[in-house]
Amino acid sequence: MMSIQRGLLLGVLIIGLAAPVAAQQSTTVTQADIQRLQDNVYLADRDLSQARSRDAARATQLQAELDDLRDEVVYLKVKLRKERTLSRSEYADVRDRIDDLRSRARGESASPVSSSSSSSSTSASAAVAPAPRPASPAPVSPAPSSSSTSTTSTASTRTTAPAGTVEIPVGTEIDVRLQNALNSGTNQVEDRFEATTLVDVGVNSRIVIPAGSLMRGVLTQVEPATRTNRTARMTVSFDQVTVNGQPYAIRGTVTQAIEGEGIKGETARIGTGAGVGAIIGGILGGFKGALAGILIGGGGTIAATEGKEVQLPQGAVLRVRLDSPAYVTPPAR
């Protein structure tokens with residue numbers, strides 16, 4: 001009898017300990033969740049590109065909201081990495097606001113059912129949100145992308161370009177010149193910076209991004225050199241390019257950096273339509289002119305030699321590789 005009671009007691013203890021763990025796992029935000037937010041921000045930018053042809057003023061207003069949401073996603077990413085935890089409510093709030101913005105960009109009216117379902121769970125939002133629109137086949141088709149997985153969303157971006165835009169494929173390399181100096185000892189996470197393209201970016205013999213176009217970057221990780229951390233790091237990425245005054249979302253990471261003074265007369269030596277990467281690859285020949293004292297790893301993370309800060313001077317030339325397709329309306333011929 002005593003052994004049975006001990007067994008029952010042990011079982012109750014195991015169940016009692018396992019329940020909180022299971023509940024915590026179900027409410028834990030992961031880096032995969034943050035990646036889905038970033039994917040949805042990218043898709044929202046695509047929706048705004050389409051909305052500009054219908055209502056430019058409305059699209060400009062929504063673009064300001066999206067820029068704020070993009071900053072919030074970066075904040076959540078940094079907070080999760082530093083604190084190792086993030087409340088589900090913070091994640092859900094940003095996720096639902098992105099979904100709401102996408103609905104408005106597509107011209108769909110906000111639904112109270114959608115907001116209530118999003119507060120309960122992600123799956124409930126996916127199941128209930130489309131219900132008020134059964135009689136409108138046109139808006140229904142893009143709706144699942146807002147709640148689908150990042151894999152499905154990426155697949156859709158590769159097959160369908162917004163009307164009037166040209167797809168710049170994954171892996172395209174763009175050479176840009178920094179307009180701001182960056183330093184891991186003084187810059188902070190989320191700092192913005194700008195660069196200008198050095199050569200025309202073309203697709204099928206058509207210029208899509210002219211030389212001199214403005215590209216916006218953001219620092220998503222900054223680790224200065226300290227007594228305990230001898231290797232400074234800085235993650236540099238680009239999230240926007242402006243063509244003819246219109247901003248377009250991109251996702252690009254730095255793969256190479258060279259000193260600005262290493263380029264001699266590139267403007268005269270490169271004609272219109274020169275291949276992407278001609279500056280670094282063709283003129284300088286491989287790694288000639290590479291910035292001393294830094295190493296560039298995966299994801300655009302730049303590490304300095306031991307005990308030094310990562311320094312990218314103004315005028316430095318960066319090679320940026322697109323991590324996902326970009327959709328840009330090319331200039332008029």
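The first residue of the sequence shown is numbered 1, and numbering continues consecutively from there.
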Would S237 and V218 satisfy side-chain contact (heavy atoms from CB on, under 4.5 Å), going step by step from the backbone distance to the final call? CA-CA 6 Å; S237 61; V218 61; 3.5 Å; yes

When you measure from the side chain of Q179 to the backbone N and O of R177, does any donor-acceptor pair fall under 3.5 Å? yes

State the CG-CG distance between D99 and L43, to the nearest 0.5 angstrom. 10.0 Å

Between the main-chain N or O of G212 and the side-chain N or O of T197, is there a donor-acceptor pair closer than 3.5 Å? yes

Counterpart residues, salt bridge (charged side-chain N to carboxylate O under 4.0 Å, His left out), relative to D191 (two or more places apart): none

To the nearest 0.5 Å, what is the distance between CG on D323 and CD1 on I250? 9.5 Å

Is a side-chain donor-acceptor pair under 3.5 Å present for T235 with T301? yes

Can Y248 and T329 be said to form a side-chain contact (heavy atoms from CB on, under 4.5 Å), step by step? CA-CA 9 Å; Y248 300 94; T329 301; 3.2 Å; yes

Measuring from atom CZ of R95 to atom CZ of R36, what distance do you get when rounded to the nearest 0.5 angstrom? 10.0 Å

Is any side-chain heavy atom of L86 less than 4.5 Å from a side-chain heavy atom of I34? yes

Main chain of A225, side chain of E309: is a donor-acceptor contact present, judged purely on distance under 3.5 Å? yes

Nearest-0.5 Å distance that lies between atom CD in E72 and atom CG in D68: 7.0 Å

side-chain contact (heavy atoms from CB on, under 4.5 Å) assessment of D45 paired with R70: CA-CA 10 Å; D45 247 314; R70 183 184 286 109; 2.3 Å; yes

Between N183 and G185, is there a donor-acceptor pair closer than 3.5 Å when you use the side chain of the first and the backbone of the second? yes

With salt bridge (Lys or Arg N to Asp or Glu O under 4.0 Å) as the criterion, how do R102 and D47 come out once you've worked through the C-alpha distance, each side chain's angles and the decisive distance to 0.1 Å? CA-CA 7 Å; R102 292 195 63 200; D47 293 333; 2.6 Å; yes

